[in-house]
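Every heavy atom of this structure was used, including side-chain atoms; hydrogens, water molecules and symmetry mates were not. Being a predicted model, the structure only gives us computed values, none of them experimental.
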Amino acid sequence: MMEQLFARLFDIFSIEYIICVILTSYFIIKLVDYVNGVKEVPVWVKRIITFVVGGGYILFFKEVSDVTMQCLVSSFFAALFIYDGAIKYLIKKFDIDYKK
């Protein structure tokens, strides 16, 4: 039963894609924040970075793997939800946020 659940989840979501999007977006935003100095990085810049990273990884994963487009798109939205819902909380809790 549990094996079927995990197998189905891996059919719907690509864990590798989710991790790549979250980590790459985080580090690029952190770099932009560092370069930006004392000014805060606007939310729209963070969203554009995440969208471009997600789109770039969709193209990359489509070329090098057999992951379906439906899986990649659902994984992109899952990455956004996972970051906003869980990882952002942990990052702030452990004081490793990209914000100064």
*Does any non-hydrogen side-chain atom of Ile29 lie less than 4.5 Å from one of Thr50?*
yes
*Check Ile49, Val43, Ile48 against Val45 for a side chain to side chain contact (heavy atoms under 4.5 Å, CB included) and give me the one that passes.*
Ile49
*For Met69 against Lys62, the heavy-atom pair lying closest together*: N-NZ, 3.9 Å
For residues 71-80, run the donor-acceptor check on the side chains, cut-off 3.5 Å, and write out each pair with its distance to 0.1 Å, sequence neighbours left out.
unit_1 : atom_1 : unit_2 : atom_2 : d
Ser74  : OG     : Ile12  : O      : 2.7
Ser74  : OG     : Gln70  : O      : 3.1
Ser74  : OG     : Cys71  : O      : 3.0
Ser75  : OG     : Ser14  : N      : 2.7
Ser75  : OG     : Cys71  : O      : 2.7

*asked:* Nearest 0.5 angstrom please: Ile82 CD1 to Ile18 CD1, how far?
replied: 4.5 Å
*Do Ile58 and Phe60 share a hydrophobic cluster (ILVMFWY, side-chain heavy atoms under 4.5 Å, transitive)?*
yes
*Transitively linked via ILVMFWY side-chain contacts under 4.5 Å: Tyr17 with Leu59?*
no
*With sequence neighbours excluded, what pairs up with Tyr57 under the ring pair (Phe, Tyr, Trp, His ring centres under 6.0 Å) test?*
none
_Non-neighbouring partners of Ile19 that pass side chain to side chain contact (heavy atoms under 4.5 Å, CB included), sequence neighbours left out_ = Ile15, Leu23
